[in-house]
Protein chains: 2
Amino acid sequence: MTRRRPVASTAKTGLRRRAASPARAEKLNKLTLGQLDYHLGYVLRRLQIWVFQDFIQTLATMKVRPAQYSVLLVIEANPGRSQAAIGQTLGIERARLARLLHELERRKWISRRASGSDARSHCLHLTADGEKALVRIKSLAAQHEARLADHVGAKRRTQLMELLRDFG
Amino acid sequence: MTRRRPVASTAKTGLRRRAASPARAEKLNKLTLGQLDYHLGYVLRRLQIWVFQDFIQTLATMKVRPAQYSVLLVIEANPGRSQAAIGQTLGIERARLARLLHELERRKWISRRASGSDARSHCLHLTADGEKALVRIKSLAAQHEARLADHVGAKRRTQLMELLRDFG
DNA sequence: TATTGTTATACTCTATAACTATA
DNA sequence: TATAGTTATAGAGTATAACAATA
C-alpha cells in the first residue's frame with residue numbers, strides 16, 4: 001500500500017494511512033511491484049483491503065464486522081430461513097456461521113426459533129432491537145459506500161459495480 | 001464456500017452459478033442478497049475469494065501462498081532491498097513479514113545479507129534455488145491467471161485490470 | 001445414510017506490544 | 001529519540017473433523 005492520498009474525503013474524515021507518517025517515510029524510495037502489476041487478483045485485493053479497513057473503521061461504533069453485516073442483511077431480506085440457507089447464500093461455513101449467530105443472538109439482534117417442518121433447523125429472524133440497530137448500521141454502511149465512491153471515483157465505482165455484479 | 005471448479009464451458013458462456021454445487025443443493029431455493037448487491041465491497045470480495053482459492057489450489061504443489069508469491073516477485077524486481085522497503089511496498093506488517101521471510105529462508109529461496117550502510121537492516125535476494133523455483137511458480141501463476149480470465153471472461157478481465165491498476 | 005447445528009482444533013492473516021541493536 | 005528486525009499474543013476468517021439429534 002502506501003499510495004493513495006489525493007481524495008478529499010480522507011483528509012476530511014481523518015481516515016488513516018498505513019505509513020501514516022509525515023513525508024519522512026518517503027525516504028524509502030518506492031519499489032516496483034514487478035509482475036504483480038499484471039495479476040488481477042493483486043489489484044483486486046489491494047482495493048478489497050482498503051474497503052474492509054474503511055468498513056470496519058466506519059462501523060466501529062456499532063462493533064459490526066463485514067461478515068456480521070452481510071448476515072444481518074440476508075436475514076432481513078429472507079426472514080425465517082435456516083442457517084444452512086443463509087450460510088450457503090453467503091458462502092460462510094456452517095461451523096463459523098454458528099458462532100457468528102451466537103454473537104448476534106447474545107446482542108439480542110436476532111432470534112432462532114424452532115422450525116415446524118424440520119426439528120433440526122432454526123428459523124432466523126431479526127428482533128425489534130435488531131431492526132433498530134440495523135437502521136443505524138445501514139446509515140454507517142452508506143457512509144462507507146460514499147467514501148469508497150470518493151476513493152475510486154464515482155464513475156469508476158459504477159463501472160466496477162456493473163462488471164462485477166452480474167457475472168455471478 | 002463450496003463452489004469452485006472453474007470449468008471452462010461455464011466460463012465461456014458466462015453463466016456460472018454461485019451455489020455451483022451438485023444440483024441437489026438447489027433444493028434450498030436461492031435466497032436474495034438484499035442490499036448487499038449494492039455494495040461494491042461485497043461483489044469485490046466474492047471475486048477476491050474465488051481468486052485466492054484458485055490461486056492457492058493452483059500453486060498447492062509448490063506450497064506457495066499469495067503473500068509469499070507477492071514477496072518473491074517484489075524481491076526479484078528489487079534485489080538487495082530491506083525488509084522495511086518490501087513490507088511497505090506490499091502493505092505487509094514487519095512482524096508478519098519477518099515470519100514469512102523466515103519460512104522462505106528455511107526453504108532456501110531467499111537470503112538475507114548484512115547491509116553495509118546500515119547494520120540494522122538486511123538486504124534481501126533470491127537464491128539460485130529461489131530463482132529456479134520462481135520459474136515454476138510463475139508458470140503455475142500464469143495458469144491461475146488464465147483460469148481467472150476464463151472465469152470472468154477475457155474482456156471483463158481486461159476492463160477490470162484497467163479500472164483497478166492505475167488509480168493507486 | 002444424509003443433513004442441521006454444534007463444538008473443537010489448526011492454520012493464515014491482521015494488529016499490537018515489547019524487546020534488541022543499532023542509528 | 002527513532003528505526004530495523006524479532007518475538008509474542010490475541011482476534012478474525014477459513015478449513016476440518018467429530019458429534020448429537022433428526023430426517
Side-chain angles (χ1 to χ4, degrees), chain A residues 1 16 18-22 24-28 45 48-53 55-57 59-60 63-71 81-88 90-105 110 112-124, chain B residues 1-4 21-22 24-25 27-28 45-46 48-53 55-57 59-60 63-71 81-88 90-103 105 110 112-124:
Chain A
M1 217 56 88
R16 56 84 233 359
R18 180 185 320 277
S21 43
R24 188 143 39 60
E26 312 292 358
K27 220 180 37 183
L28 307 166
R45 174 156 169 73
Q48 216 267 301
I49 289 173
W50 190 98
V51 168
F52 260 37
Q53 288 189 339
F55 185 95
I56 291 166
Q57 192 167 314
L59 280 86
K63 287 201 172 49
V64 172
R65 309 271 308 181
Q68 296 173 316
Y69 177 67
S70 69
V71 168
R81 308 308 301 263
S82 69
Q83 296 184 197
I86 302 288
Q88 203 157 16
L90 285 171
I92 300 177
E93 280 298 321
R94 65 184 205 257
R96 164 151 170 66
L97 185 59
R99 288 191 304 265
L100 193 156
L101 291 173
H102 216 79
E103 171 63 14
L104 295 180
E105 203 175 18
I110 66 156
R112 306 196 227 198
R113 305 177 194 162
S115 164
S117 57
D118 188 336
R120 292 171 302 181
S121 66
H122 303 159
C123 296
L124 302 175
Chain B
M1 222 32 114
T2 316
R3 40 110 202 62
R4 113 101 54 320
S21 47
R24 185 145 39 62
K27 220 181 36 183
L28 307 166
R45 176 156 169 72
R46 294 304 291 227
Q48 216 268 300
I49 289 173
W50 189 98
V51 168
F52 260 37
Q53 288 191 339
F55 185 95
I56 291 167
Q57 191 167 312
L59 280 86
K63 286 201 172 50
V64 172
R65 310 270 309 179
Q68 295 173 316
Y69 176 68
S70 69
V71 168
R81 307 309 301 263
S82 69
Q83 298 184 194
I86 303 287
Q88 202 158 17
L90 285 170
I92 300 177
E93 279 298 321
R94 65 187 206 251
R96 166 152 169 64
L97 185 59
R99 286 191 305 266
L100 194 157
L101 291 173
H102 216 79
E103 171 64 14
E105 202 175 18
I110 65 157
R112 307 195 226 198
R113 305 177 194 161
S115 165
S117 57
D118 188 333
R120 294 172 302 181
S121 67
H122 303 160
C123 296
L124 302 175

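When reading the values below, keep in mind they use all heavy atoms of this one structure, side chains included, and skip hydrogens, waters and symmetry mates. In what follows, every chain begins at residue 1, and chains take the letters A, B, ... in the order their sequences are listed.
Residue A:Gln83 contributes atom CD, which lies 10 Å from atom P of C:dT7 at whole-angstrom precision. Summarising the geometry, the separation between NE2 on A:His102 and C1' on C:dG5 is reported as 12 Å, rounded to the nearest angstrom. The nearest whole Å value for the distance from the CZ atom in B:Arg96 to the C1' atom in D:dT7 is 15 Å. Put simply, CD on A:Glu103 is 14 Å from P on C:dT6, counting in whole angstrom units. If you take CZ of B:Arg81 and P of D:dA4, they are 12 Å apart, rounded to a whole angstrom. A straight line from CZ of B:Arg46 to P of D:dT14 spans 10 Å, rounded to a whole angstrom. Atom CD1 of B:Ile92 is separated from atom P of C:dT12 by 14 Å (rounded to the nearest Å). One can place CD of B:Gln88 at 11 Å from P of D:dT3, the figure rounded to the nearest angstrom.
Of the candidate nucleotides C:dT6, D:dG5, C:dT16, C:dT16 has the atom lying nearest to any side-chain atom of B:Glu93. Picking from D:dT7, C:dC13, D:dA4 the nucleotide with the shortest atom distance to the side chain of B:Ala95 gives D:dT7. Comparing C:dG5, D:dT6, D:dG13 by their closest approach to the side chain of A:Ala67 singles out D:dG13.
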Using the 3.5 Å cut-off, write out each protein N or O paired with an N or O of nucleotides 9-11 of chain D and the distance between them.
none

Scan nucleotides 20-23 of chain C against the protein and return all N/O pairs shorter than 3.5 Å with their distances rounded to 0.1 Å.
{"residue": "C:dT22", "atom": "O2", "partner": "B:Arg120", "partner atom": "NH1", "Å": "3.4"}
{"residue": "C:dA23", "atom": "OP1", "partner": "B:Ala119", "partner atom": "N", "Å": "3.0"}

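As judged by a 4.0 angstrom heavy-atom cut-off over every strand, A:His122 is placed among residues touching the sugar-phosphate backbone only.
In this structure, the separation between CD on A:Gln48 and CD on A:Gln53 is 10.0 Å, given to the nearest 0.5 Å. Remark: A:His122 NE2 to A:Arg81 CZ distance equals 15.5 Å, nearest 0.5 Å. Taking CZ of B:Phe52 as the start and CZ of B:Arg45 as the end, the distance is 10.0 Å to the nearest 0.5 Å. Here CD of B:Gln83 is found 10.0 Å from CG of B:Leu100. Values are rounded to the nearest 0.5 Å.
Among A:Leu101, A:Leu97, A:Ile92, the single residue meeting the side chain to side chain contact (heavy atoms under 4.5 Å, CB included) criterion with A:Ile86 is A:Leu97.
Taking 4.0 angstrom as the limit, A:Arg65 places none of its side-chain polar atoms (N or O) nearer than this to OP1 or OP2 of C:dT14.
Positionally, the nearest nucleotide of DNA chain C for A:Cys123 lies more toward the 5' end than for the other of A:Cys123 and B:Gln68. Comparing B:Arg94 and A:Pro66 by the nucleotide of DNA chain D that holds the closest heavy atom to each, the one mapping nearer the 5' end is B:Arg94.
Nearest heavy atoms, B:Ala114 versus B:Cys123: O-SG, 4.3 Å.
For B:Glu105, the side chain to side chain donor-acceptor pair (under 3.5 Å) test picks out B:Arg112, with sequence neighbours left out. Here B:Arg120 pairs with B:Asp118 under the side chain to side chain donor-acceptor pair (under 3.5 Å) rule; sequence neighbours left out.
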Acceptor/donor pairs from residues 64-71 of chain A side chains to any protein atom, 3.5 angstrom cut, sequence neighbours excluded:
{"residue": "A:Gln68", "atom": "OE1", "partner": "A:Arg65", "partner atom": "N", "Å": "2.8"}
{"residue": "A:Tyr69", "atom": "OH", "partner": "B:His39", "partner atom": "NE2", "Å": "2.8"}
{"residue": "A:Ser70", "atom": "OG", "partner": "A:Ala67", "partner atom": "O", "Å": "2.7"}

- Annotated structure of DNA chain D as dot-bracket, pair cut-off 3.5 Å, Watson-Crick or G-U only, | for inter-strand, is |||||||||||||||||||||||

